[in-house]
Amino acid sequence: MYQQEEIKPYDATADKASQVEQMFDNIAPSYDKLNHRLSWNIDRGWRRKAIRQLEPYKPLTMLDIATGTGDFAIMAAQMLKPQKLVGADISEGMMAVGAEKAERLGLQSVISFDKEDCLNLSYPDGMYDAVTAAFGIRNFADLDCGLKEMYRVLKPGGHLSIVELTTPVRFPMKQLFKLYSHTVLPLYGRMISKDKSAYSYLTKTIEAFPQGEKMMDTLKKAGFRETTFKRLTFGICTMYFATK
């Protein structure tokens, strides 16, 4: 079982889940603008590639875990045309932004949003054809538990597509990314979001999260098979794919 270092946004002694909820509620109004600017809009391409992993399987029912402001859910609904897509997250502030975007695009009949503890989902076993997660699962207090829940709610033969930020492993991107993530990202994030801790916390979660082969092992321990991964943009982001 992977033992992930527990990193908390604000108070080392308080419950992580409630702190993560508070942090994302705080930064929800500026989150989309910051994400796109800080990644130079490359994050849209990463999401698109992760969704394309599911195209051959034509999922009709989908669950987007840690959906945030719904960018991944909205793009998946547009590209894959499922009958129903549920975005689940702990932050109501983030999902409120997502619901507004979905309504503006006329997707409210396809996409719905649920406040959920992603470590203890309320959905029955085998409910979804596909489960997705973009840039969110590294905030789980217990990654093993979260992945087991994702496995549980998937139908047998269903698929998991994850895209997550990672640290490059090769020179010079490794050194450049470390400089950027420890200086530019938290400074700019603090200026725009007005949250002094959020983007420093997010940088730390990237470094602590299992990457590449370690993440593959973690997925297999959760029950998944046919696990694969692919590094994108010199390793700044990694895409994972697995089958139940």
For the backbone of [Y] and the side chain of [X], can you confirm whether one donor and one acceptor N or O come within less than 3.5 Å of each other?
X	Y	value
Y240	G212	yes
S91	M94	yes
E164	G136	yes
T205	R138	no
K230	M239	no

| Among T167, T166, T238, side-chain hydrogen bond (donor to acceptor under 3.5 Å, both in side chains) partner for Q211 | T167
Sidechain N-carboxylate O distance under 4.0 Å for [X], [Y]:
X	Y	result
K204	E207	no
R44	D71	no
K221	D217	no

For a quick test of reading the model, state the closest non-hydrogen atom pair linking [X] to [Y] and the distance between them.
X	Y	result
P82	A76	CD-O, 3.9 Å
K214	P210	CB-CB, 4.0 Å
M79	R52	CE-CG, 3.7 Å
V86	D114	CG1-OD2, 3.4 Å

| Taking only residues two or more places apart in sequence or in another chain, which ones pass side-chain hydrogen bond (donor to acceptor under 3.5 Å, both in side chains) with E226? |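 So E226 forms a side-chain hydrogen bond (donor to acceptor under 3.5 Å, both in side chains) with T243.
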| field | Donor-acceptor pair between E116 and S122 side chains, under 3.5 angstrom | value |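 A donor-acceptor contact under 3.5 Å links the two side chains.
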| said: If we count only N and O atoms by modelled type, under 3.5 Å, do the side chains of T67 and D89 hold a donor and an acceptor together? | reply: no
| query | If you look only at pairs with a residue in residues 50-74, which of them pass as a ring pair (Phe, Tyr, Trp, His ring centres under 6.0 Å), with sequence neighbours excluded? | reply |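 Of all non-adjacent pairs touching residues 50-74, those that pass ring pair (Phe, Tyr, Trp, His ring centres under 6.0 Å) are Y57-H159, Y57-F241.
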| field | Spatial distance of atom CG (D64) from atom OG1 (T132) [nearest 0.5 Å] | value |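 So the CG of D64 and the OG1 of T132 are separated by 3.5 Å.
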| said: Tell me whether the count of non-hydrogen atoms from other residues, nucleotides or ligands lying under 6.0 Å of CZ in R170 goes above 12. | reply: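 No, because the 6.0 Å sphere around CZ of R170 holds 12 heavy atoms or fewer from other groups.
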| task | Determine whether more than 12 heavy atoms belonging to other residues, nucleotides or ligands lie under 6.0 Å from atom NZ of K49. | result |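 Not more than 12 within 6.0 Å, no.
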